[in-house]
Peer 1: 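My structure is below; once you've seen it, I'll send some questions.
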There are 2 protein chains.
Amino acid sequence: MADEIPDIVIGRLPIYLRALYNMVEEEDKVTTSSHELGERLGISSAQIRKDLSHFGEFGKQGTGYHVDFLISQLEQILNLEQVWRVALVGAGFLGHALAHYHRFQRHSFHIGWMFDSDPDKVGQVMNGVVVQPDEEMEATIAEAGVRIAILAVPAAAAQSVTDRLVAAGVKAILNYAPISLSVPPDVQVQYSDPVVQLQRMTYYLRPE
Amino acid sequence: MADEIPDIVIGRLPIYLRALYNMVEEEDKVTTSSHELGERLGISSAQIRKDLSHFGEFGKQGTGYHVDFLISQLEQILNLEQVWRVALVGAGFLGHALAHYHRFQRHSFHIGWMFDSDPDKVGQVMNGVVVQPDEEMEATIAEAGVRIAILAVPAAAAQSVTDRLVAAGVKAILNYAPISLSVPPDVQVQYSDPVVQLQRMTYYLRPE
DNA sequence: TAGATTGTTAATCGATTAACAATC
DNA sequence: TAGATTGTTAATCGATTAACAATC
């Protein structure tokens with residue numbers, strides 16, 4: 001039960017969580033079932049039950065899952081019972097948008113540090129956070145014990161910034177730069193590249 | 001050979017393409033191998049060769065792949081030999097950042113239409129594109145033959161905007177709203193939710 | 001030629017699904 | 001009780017990898 005859980009399973013848990021939040025907040029739902037949840041997400045009910053069974057027994061035969069309880073269990077599993085300190089590197093248009101994204105605060109993430117190498121950006125305040133000079137990045141992050149970083153810098157800078165972040169103790173990176181990063185095995189990386197995502201879809205579209 | 005190709009394979013092609021662009025543009029590389037490409041991407045060379053073999057024989061024994069040639073083949077496969085018209089719905093911070101993202105233009109995507117329901121946003125010009133009123137969305141998109149949309153609206157609006165986009169002829173949606181969308185089977189959807197991505201990583205982090 | 005690397009096959013590995021006893 | 005739904009098992013399905021003949 002506490003064996004090695006496939007990463008693909010871990011990847012679905014936040015999706016379940018998001019749907020459960022919606023059920024509670026938008027629809028005042030008290031209970032749900034693997035069938036209902038699966039229908040919303042386009043996932044089979046068997047898969048949802050299988051995924052959850054890696055971590056324990058959270059439902060009741062005949063009635064399904066208590067939404068609040070399942071939320072709290074998933075939050076526990078995903079280590080969301082604390083507020084994670086997050087550094088945002090890059091204060092361009094995207095960094096600016098991310099700095100103002102209110103869902104981070106609502107979901108256990110506190111973006112409390114911003115960095116940029118452009119002197120024009122340094123000193124600007126974005127959603128209450130002062131943009132600090134790039135050179136102060138390692139010291140500030142190590143000092144504050146920041147372990148998660150969001151990368152919103154150009155591709156050319158991404159790997160060297162990554163190396164410095166990792167050296168300063170960062171263990172998880174959400175990378176918006178269009179480049180594959182090289183990191184030690186104990187550092188997590190997630191990628192977000194809109195061009196890659198669009199290109200994946202055009203394959204299926206009829207060309208003009 | 002022209003059989004049904006697994007979507008997971010399609011999903012890797014843009015990643016290969018991105019690395020190949022980098023080899024040509026940043027390193028003036030003329031040829032590469034499945035081994036070299038795999039090493040950069042953290043993917044086995046066998047998998048890269050297998051993926052490519054779905055579409056043809058692009059390499060030469062002993063020497064590997066001609067980078068320019070492989071790029072052009074992948075562009076062809078992914079239907080990137082045309083410029084795709086893209087509509088951007090939502091002119092908030094994120095919409096603003098996406099409107100200014102220069103990589104779309106460089107990679108076969110032209111963001112030529114923006115929409116927002118907020119009268120304060122309507123009429124603003126973002127990177128040369130005038131934000132149009134939400135009500136004009138269907139007619140404008142259908143008229144222009146736009147088939148790809150990027151969704152940067154609040155979760156509460158996302159499904160209804162999606163329904164309208166689909167009715168207007170959109171066949172691919174890149175969704176930044178934190179909600180699972182329901183679409184007909186011939187409509188592609190890709191998701192981008194930073195909170196989901198961060199939550200996937202915190203599972204692996206030691207809590208404080 | 002010798003070395004390198006492809007494309008492909010077969011084996012392995014892993015993930016999903018169908019089915020159902022258990023039980024609320 | 002009857003109906004619903006869980007957790008789990010076994011079967012199925014699909015993806016990855018190892019290995020190698022072919023050949024540049």
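Below, read A as the first sequence line, B as the second, and so on, with proteins coming before strands; counting in each chain starts at 1.
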Peer 1: In residues 141-155 of chain A, what donor-acceptor pairs under 3.5 Å come from side-chain atoms, sequence neighbours left out?
Peer 2:
from: A:Arg147; atom 1: NH2; to: B:Arg206; atom 2: O; distance (Å): 2.4

Peer 1: Can you tell me how far P of C:dT5 sits from CD of B:Glu39, to the nearest Å?
Peer 2: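 The distance from CD of B:Glu39 to P of C:dT5 comes to 12 Å, rounded to the nearest Å.
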
Peer 1: Decide yes or no on salt bridge (Lys or Arg N to Asp or Glu O under 4.0 Å) for B:Asp134 and B:Arg164, but give the supporting numbers first.
Peer 2: CA-CA 11 Å; B:Asp134 178 63; B:Arg164 293 167 55 206; 3.2 Å; yes

Peer 1: Nearest-Å distance, CD (B:Glu57) to P (D:dC24)?
Peer 2: 11 Å

Peer 1: Which residues in residues 60-70 of chain A have at least one heavy atom lying under 4.0 Å from any atom of DNA chain D?
Peer 2: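 Residues of residues 60-70 of chain A that come under 4.0 Å of DNA chain D are, in numerical order, A:Lys60, A:Gln61, A:Gly62, A:Thr63, A:Gly64, A:Tyr65.
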
Peer 1: Indicate whether the side chain of B:Glu136 and that of B:Thr140 have a donor and an acceptor atom separated by less than 3.5 Å.
Peer 2: no

Peer 1: Judged by modelled atom types alone, do B:Ser45 and B:Arg49 share a side-chain donor-acceptor pair under 3.5 Å?
Peer 2: yes

Peer 1: To the nearest 0.5 Å, tell me how far A:His96 NE2 sits from A:Leu94 CG.
Peer 2: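 With rounding to 0.5 Å, NE2 (A:His96) is 11.5 Å from CG (A:Leu94).
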
Peer 1: Rounded to the nearest Å, what distance is computed from the CD atom of residue B:Gln47 to the C1' atom of nucleotide C:dT6?
Peer 2: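 Atom CD in B:Gln47 sits about 16 Å away from atom C1' in C:dT6.
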
Peer 1: Rounded to the nearest angstrom, tell me the gap between atom CD1 in B:Ile5 and atom P in D:dT16.
Peer 2: 14 Å

Peer 1: In whole angstrom, give the distance that lies between atom CD of B:Glu4 and atom C1' of D:dG14.
Peer 2: 13 Å

Peer 1: Measure the acute angle between the ring planes of B:Phe109 and B:Phe104, then classify it against the limits of 30° and 60° as parallel, tilted or perpendicular.
Peer 2: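 Taking B:Phe104 first and then B:Phe109, their aromatic rings stand perpendicular (interplane angle over 60°).
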
Peer 1: Could you note down all residue pairs passing ring-ring contact (aromatic ring centres under 6.0 Å, His included) where residues 17-49 of chain B supplies at least one of them, sequence neighbours left out?
Peer 2: B:Tyr21-B:His107

Peer 1: Can you tell me which stems involve DNA chain D, if a stem is defined as three or more consecutive Watson-Crick or G-U wobble pairs, both distances under 3.5 Å?
Peer 2: C:3-24 with D:3-24

Peer 1: Just by distance, no angles: are the side chains of B:Gln47 and B:Asp51 close enough, under 3.5 Å, to form a donor-acceptor pair?
Peer 2: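 B:Gln47 vs B:Asp51: no donor-acceptor pair found between side chains.
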
Peer 1: Quick one: side chains of residues 175-185 of chain B, donor-acceptor pairs under 3.5 Å with protein atoms, not counting sequence neighbours, listed by atom name and distance.
Peer 2:
from: B:Asn175; atom 1: OD1; to: B:Ala177; atom 2: N; distance (Å): 2.8
from: B:Asn175; atom 1: ND2; to: B:Ala177; atom 2: O; distance (Å): 3.1
from: B:Asn175; atom 1: ND2; to: B:Ile179; atom 2: O; distance (Å): 3.0

Peer 1: Measure NZ/A:Lys50 against P/C:dA19 and give the value in whole Å, please.
Peer 2: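 Roughly 16 Å, once rounded to whole Å.
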
Peer 1: For the pair made of CD1 in B:Ile48 and P in D:dA15, what is the distance, rounded to whole Å?
Peer 2: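 Roughly 17 Å, once rounded to whole Å.
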
Peer 1: Taking atom types as modelled and ignoring hydrogens, do the side chains of B:Tyr204 and A:Asp7 form a donor-acceptor contact shorter than 3.5 angstrom?
Peer 2: yes

Peer 1: Could you tell me how the ring of B:Phe93 sits relative to the ring of A:His100: parallel (under 30°), tilted (30 to 60°) or perpendicular (over 60°)?
Peer 2: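 Ring orientation of B:Phe93 relative to A:His100: parallel.
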
Peer 1: Can you measure A:His54 atom NE2 to D:dT6 atom C1' for me and round it to whole angstrom units?
Peer 2: 16 Å

Peer 1: Please list residues of residues 27-38 of chain B whose heavy atoms come under 4.0 Å from any atom in DNA chain C, ordered by number; otherwise none.
Peer 2: B:Ser33, B:Ser34

Peer 1: Between A:Arg49 and B:Asp7, which residue's closest nucleotide on DNA chain D lies nearer the 5′ terminus?
Peer 2: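 It is A:Arg49, whose closest nucleotide lies nearer the 5' terminus.
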
